[in-house]
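Take a look at the structure below.
Atom set for the values below is all heavy atoms of this structure, side chains included, hydrogens, waters and symmetry mates excluded.
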Amino acid sequence: MVPEKTPIVSPFLPELRRYNDLVSDIFNSGWITNGGPLVQELEQRLALYLKVKNLVCVSSGTVALQLIYKALGLQGQAITTPFSFVATSSSLKWQGIEPVFCDIDNATFNLNPDILTFDQMNKAIVATHVYGNPAGTQGLEKFAEKNAVPLIFDAAHAFGVDYHGSSILSRGTASALSFHATKLFHCIEGGAVATNDDALADEVRALRNFGIKEGQLSKLIGINAKMSEFHAGMGLCVLDEISFILEKRQELWSLYREKLEGYVSFQKWSTSSQNNNSYAPVVFGSEELLFSVKLALEKRNIETKRYFWPSLDSWYPSESSELRVSEDIASRVLCLPLFPGLETKKVISITEQIKQSVEQHNG
Ligand SMILES: *Cc1c(COP(=O)(O)O)cnc(C)c1O
């Protein structure tokens, strides 16, 4: 008998009663979108919780990136990482900006600040905090400052991550968050721009609403990237449960690591930060071994995901230098199931299966 499916991720759902209460409020007020009270409340609570000066909620993480590029008037090329979700690069392409890939560090999986090179066509740096791990922030800041270009973070994985005691979202020019259903914190669909720059935040607020500023249409070419009240309501319910979500993830990912020590390798996390346990990535000795583990788990109806794979340079060939580390890590990394409802005994059985496959493979 095939066991019940274990998905890679199962979106966190709050108590229905709590969400229904908010939906009743929305029905009673009739205010269903256009910066209603729940979006305002969510923005305030998230800014406090995430310790950022400005937090602007939008309709997705991808559009959050696009609004940042647009607000900064970026054109030309941007230095970015090939080891990320496709949206990091496709959002640039969508804005007519060419991604120029630089290789990653083989321990942190983040852009390697030591090998960055700069030319006059590069107008920005777009770095991802991979699996939430702070992206070599000090090195990138120095590089961005020296070359006088903005530093933008794809912080889709970095909800609640601190770095040197303050929010990782307070670093760089601006950060984009994703609140998609599969993320640690979610609004079903949604995202946000976080920035310390008040003027930039105002620009993003106008751009998400057709370019309308203080009730007046401005010269800005905007778009509709607003979050609805129903999405904000889900976010408020999930935020109420965030301590439970974080604790549960911490417990499960620690258990994975303890059981798999010596069988796989792990991403090296920044020593100035704590893991938010947003993903469960493990790296195998070879792609061949990854395939056999993936297959063995599939036979037991356990879903895993090659994330990120492939290295983005295979989608968007560019003049980039060699990207050997990104291609190598992308070929050997596998994300395991991780979500608050996952049972401890399931984690143990997954790790036992992996150990068995590794032992068989190593003969
Ligand atoms: C999820 C994700 C995005 C896109 O966010 P959406 O809200 O789905 O648009 C962008 N970058 C990274 C690294 C992601 O994981």
Side-chain angles (χ1 to χ4, degrees), residues 31-47 50 52-78 80 84-99 123-128 144 149-156 158-159 169-180 183 186-232 235:
W31 195 348
I32 65 176
T33 188
N34 284 8
L38 297 184
V39 168
Q40 291 171 35
E41 186 183 340
L42 183 64
E43 287 186 339
Q44 278 163 15
R45 280 185 59 190
L46 282 176
L50 298 171
V52 290
K53 199 159 170 228
N54 298 284
L55 186 124
V56 185
C57 282
V58 296
S59 52
S60 76
T62 306
V63 96
L65 285 166
Q66 287 168 358
L67 290 169
I68 295 170
Y69 310 149
K70 189 84 176 173
L72 292 169
L74 285 190
Q75 284 175 335
Q77 300 179 343
T80 189
S84 188
F85 183 56
V86 67
T88 315
S89 282
S90 63
S91 58
L92 285 165
K93 290 281 251 188
W94 186 272
Q95 291 298 128
I97 305 159
E98 268 316 299
K123 302 300 181 199
I125 302 161
V126 181
T128 300
V149 291
L151 173 57
I152 299 154
F153 287 114
D154 180 337
F159 190 91
L169 302 172
S170 61
R171 307 303 284 257
T173 311
S175 301
L177 289 148
S178 167
F179 302 152
H180 180 257
K183 306 297 204 250
H186 79 91
C187 297
I188 310 169
E189 292 276 1
V193 173
T195 178
N196 286 331
D197 181 335
D198 297 341
L200 184 63
D202 276 344
E203 198 89 341
V204 170
R205 283 187 194 99
L207 288 172
R208 78 173 159 182
N209 187 29
F210 311 102
I212 295 170
K213 256 186 175 168
E214 288 154 15
Q216 301 278 330
L217 195 55
S218 72
K219 289 260 163 67
L220 295 173
I221 312 280
I223 196 164
N224 178 3
K226 299 188 299 295
M227 180 182 275
S228 83
E229 289 293 280
F230 294 88
H231 292 86

Legend entry - Greater than 12 external heavy atoms within 6.0 Å of Gln40's CD: yes
Legend entry - pair Leu67-Ile223: side-chain heavy atoms closer than 4.5 Å: yes
Inset, instruction - Enter the distance from Thr88:OG1 to Asp154:CG here, rounded to the nearest 0.5 Å. - result: 4.0 Å
Inset, instruction - Check for a donor-acceptor pair, side chain of Gln95 on one end and backbone N or O of Lys70 on the other, with a separation under 3.5 Å. - result: no
Legend entry - Heavy-atom side-chain contact between Val126 and Ile97 under 4.5 Å: no
Inset, instruction - Starting at CG of Leu46, measure out to CZ of Phe179 and round the result to the nearest 0.5 Å. - result: 5.0 Å
Inset, instruction - Report the distance from atom CD1 of Ile68 to atom CG of Leu207, rounding to the nearest 0.5 Å. - result: 11.0 Å
Legend entry - Pro150 and Leu74, any side-chain heavy atoms less than 4.5 Å apart: yes
Inset, instruction - Report yes if some heavy atom in the side chain of Val39 is under 4.5 Å from a heavy atom in the side chain of Glu229; otherwise report no. - result: yes
Inset, instruction - Kindly give the heavy-atom pair with the smallest separation between His231 and Ser228, and that separation in Å. - result: ND1-OG, 2.6 Å
Inset, instruction - Please round to the nearest 0.5 Å and tell me the distance separating atom CG of Asn224 and atom OG1 of Thr33. - result: 7.5 Å
Inset, instruction - Indicate yes or no: at least one non-hydrogen side-chain atom of Lys226 is less than 4.5 angstrom from one of Phe210. - result: yes
Inset, instruction - Kindly say whether Gly96 contributes a backbone atom to a donor-acceptor pair with the side chain of Trp94 at under 3.5 angstrom? - result: no
Legend entry - Minimal non-hydrogen separation, Asp202 against Arg205, with atom names: OD1-NH1, 2.9 Å
Legend entry - Non-hydrogen side-chain atoms of Leu50 and Leu177 separated by less than 4.5 Å: yes
Legend entry - Heavy-atom donor-acceptor pair, Arg208 side chain to Cys57 backbone, under 3.5 Å: yes
Legend entry - Donor-acceptor contact below 3.5 Å, side chain Thr195 vs main chain Thr173: yes
Inset, instruction - Identify the two heavy atoms, one from Val58 and one from Met227, that lie closest to each other, and give their separation to 0.1 Å. - result: O-CE, 3.5 Å
Inset, instruction - Locate the shortest heavy-atom distance separating Val193 from Ala64; write the atom from each residue and the value. - result: CG2-O, 3.6 Å
Inset, instruction - Mind listing the closest non-hydrogen atom pair of Ala87 and Leu65 along with its distance? - result: O-CD1, 3.9 Å
Inset, instruction - Any chance you could measure Phe85, atom CZ, to Ser90, atom OG, to the nearest 0.5 Å? - result: 7.5 Å
Legend entry - Heavy-atom closest pair, residues Pro37 and Trp31: CD-CE3, 3.3 Å
Legend entry - Expected output: side-chain Ser218 to main-chain Gly211 donor-acceptor under 3.5 Å: yes
Legend entry - Donor-acceptor contact below 3.5 Å, side chain Ser89 vs main chain Val86: no
Inset, instruction - With rounding to the nearest 0.5 Å, note down the distance linking CG in Leu92 to OH in Tyr69. - result: 3.5 Å
Legend entry - Contact check, side chains of Lys53 and Ser170, non-hydrogen atoms, under 4.5 Å: no
Inset, instruction - Taking the side chain as every heavy atom from C-beta outward, state whether Gln77 and Lys123 have any atom pair closer than 4.5 Å. - result: no
